[in-house]
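Note sheet for the following structure.
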Amino acid sequence: MIKDDLKKILISEEQIRQRCFELGRQLDHDYADNHNGLLFVGILKGSVPFMAELIKRVTLDIEIDFMAVSSYSGTETLGDIKIIKDLEHSIQGRDLVLVEDIVDTGITIKALKTLLYNKGAHDVKVVSLLDKPSRRQVDVKADYIGFEVENEFVVGFGLDYNQKYRNLPYVGVLKEELY
């Protein structure tokens with residue numbers, strides 16, 4: 001079983017659900033007067049479970065779209081991003097909530113925010129399930145954070161190692177001997 005590959009469970013399914021509820025309430029409050037059209041943009045593939053749980057807790061009228069970008073190979077960031085799937089919606093003058101599984105080095109988020117503003121977004125905020133500030137290489141922060149984690153290799157709830165472990169309903173720390 002894949003859960004046997006974990007050193008420990010870091011964040012339980014219930015903790016994630018509760019934090020998504022809290023984040024949903026905060027987003028409802030912060031965007032209550034939004035008139036620019038709120039678009040949630042999930043960064044594939046890791047954000048899917050988090051985004052699905054989060055948007056159930058948002059009571060505003062929203063739209064969703066997805067982008068696929070690549071910046072990792074195994075456990076290391078490549079230092080630049082590659083757009084694999086771009087947005088289907090126009091974002092001209094829109095407010096975006098960029099949904100990420102983890103903000104690690106910050107390189108991907110910084111590049112994406114720049115790209116989205118260049119495409120005409122009115123505002124871009126980042127909501128991330130996890131934040132790992134000890135690994136930050138650029139000055140960027142998520143606007144909404146589920147949980148801050150230490151510098152451990154985390155998997156589950158969308159986070160993967162070579163496309164495995166995404167389906168775990170919680171976040172765990174992968175055993176070092178497996179990567």
Side-chain angles (χ1 to χ4, degrees), residues 16 19-20 23-24 26-28 30-31 34-58 60-149 151 153-163 165-166 171:
I16 293 169
R19 187 65 182 128
C20 286
L23 290 169
Q26 187 65 51
L27 288 161
D28 279 348
D30 292 354
Y31 286 96
N34 176 275
H35 302 292
N36 293 324
L38 191 56
L39 179 65
F40 278 60
V41 177
I43 306 305
L44 296 173
K45 301 173 186 167
S47 73
V48 170
F50 175 50
M51 184 163 161
E53 187 65 33
L54 178 64
I55 64 173
K56 291 189 295 188
R57 311 303 174 204
V58 175
L60 302 169
D61 186 17
I62 65 167
E63 293 179 53
I64 65 171
D65 204 343
F66 294 93
M67 291 183 78
V69 300
S70 177
S71 64
Y72 278 85
S73 176
T75 62
E76 297 302 316
T77 184
L78 301 175
D80 59 0
I81 68 165
K82 175 181 169 186
I83 304 295
I84 298 165
K85 180 207 175 299
D86 209 344
L87 296 169
E88 295 175 12
H89 291 81
S90 168
I91 61 170
Q92 190 69 41
R94 309 252 339 244
D95 290 333
L96 277 57
V97 176
L98 199 57
V99 183
E100 244 313 4
D101 54 357
I102 188 167
V103 178
D104 191 343
T105 63
I107 292 168
T108 301
I109 290 298
K110 186 171 184 167
L112 280 175
K113 284 183 80 169
T114 299
L115 174 71
L116 295 169
Y117 278 118
N118 287 341
K119 286 179 168 235
H122 172 259
D123 189 45
V124 180
K125 298 290 188 219
V126 176
V127 59
S128 183
L129 175 63
L130 303 178
D131 184 34
K132 197 185 284 187
S134 64
R135 296 245 316 145
R136 203 75 82 240
Q137 294 179 12
V138 296
D139 185 25
V140 67
K141 293 190 295 188
D143 301 282
Y144 304 92
I145 298 168
F147 303 92
E148 188 173 305
V149 294
N151 190 16
F153 199 90
V154 289
V155 295
F157 211 77
L159 294 126
D160 75 302
Y161 172 63
N162 289 340
Q163 302 301 321
Y165 309 104
R166 290 188 195 278
V171 174

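Along the sequence shown, residues are numbered consecutively beginning with 1.
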* Asked: Are V127 and F50 side-chain neighbours, meaning at least one heavy-atom pair lies under 4.5 Å?
  -> yes
* Would a 4.5 Å heavy-atom cut-off, applied to side chains only, mark F157 and D101 as touching? -> no
* **Shortest non-hydrogen separation from L87 to F66 and the atoms involved** => CD2-O, 3.8 Å
* Side-chain donor/acceptor of Y161 to backbone N/O of V155, under 3.5 Å -> no
* Between S47 and V99, what is the shortest heavy-atom contact and its length? -> CB-O, 3.3 Å
* L54 and L27, any side-chain heavy atoms less than 4.5 Å apart -> yes
* **Verdict with supporting geometry, V97 and Y31, side-chain contact (heavy atoms from CB on, under 4.5 Å)** => CA-CA 10 Å; V97 176; Y31 286 96; 4.1 Å; yes
* Can you find a heavy atom in the side chain of V171 that is under 4.5 Å from one in the side chain of L129? -> yes
* Structure fact -> Distance col, row N34:CG vs D28:CG, nearest 0.5 angstrom, shows 11.5 Å
* To do: Could you tell me whether the side chain of I102 reaches within less than 4.5 Å of the side chain of R135, counting heavy atoms only?
  => no
* Between CG on residue L23 and CD on residue Q26, distance to nearest 0.5 Å -> 8.0 Å
* To do: To the nearest 0.5 angstrom, please state how far the CG atom of L112 sits from the CD1 atom of I107.
  => 12.0 Å
* **Separation between CD of Q92 and NE2 of H122, rounded to the nearest 0.5 Å** => 11.5 Å
* Is the count of non-hydrogen atoms from other residues, nucleotides or ligands lying under 6.0 Å from D61 atom CG greater than 12? -> no
* To do: Please list, chain by chain and in numerical order, all residues satisfying side-chain hydrogen bond (donor to acceptor under 3.5 Å, both in side chains) with E63, sequence neighbours excluded.
  => H89, R94
* Structure fact -> Closest non-hydrogen atoms of A121 and L96, given as atom of the first, atom of the second and distance, are CB-CD1, 4.0 Å
* Asked: Can you tell me how far CG of L130 sits from CZ of R19, rounded to the nearest 0.5 angstrom?
  -> 11.5 Å
* State, with a plain yes or no, whether a side-chain heavy atom of D30 is found less than 4.5 Å away from one of Y144. => yes
* Considering only heavy atoms from C-beta outward, does the side chain of F40 approach that of I64 to under 4.5 Å? -> yes
* To do: For atom NZ of K113, decide whether the heavy atoms of other residues, nucleotides or ligands shown that lie under 6.0 angstrom number more than 12.
  => yes
* Looking at CG of L44 and CE of M67, how far apart are the two atoms once the value is rounded to the nearest 0.5 Å? -> 9.5 Å
* Distance-minimising heavy-atom pair for D65 and M51 -> O-CE, 4.1 Å
* **Within 6.0 angstrom of D139 CG, more than 12 heavy atoms from elsewhere** => no
* **For D104, the option from Q137, R136, K132 that meets side-chain contact (heavy atoms from CB on, under 4.5 Å)** => K132
* **Crowding at NZ, K141 (>12 non-hydrogen neighbours, <6.0 Å)** => no
* Student check: side-chain heavy atoms of L115 and I83 closer than 4.5 Å -> yes
* Structure fact -> All heavy atoms of V103 vs all of S128, minimum pair found to be N-OG, 3.4 Å
* Asked: Can you name the closest pair of heavy atoms from G158 and R166 and give their distance?
  -> O-NH1, 2.7 Å
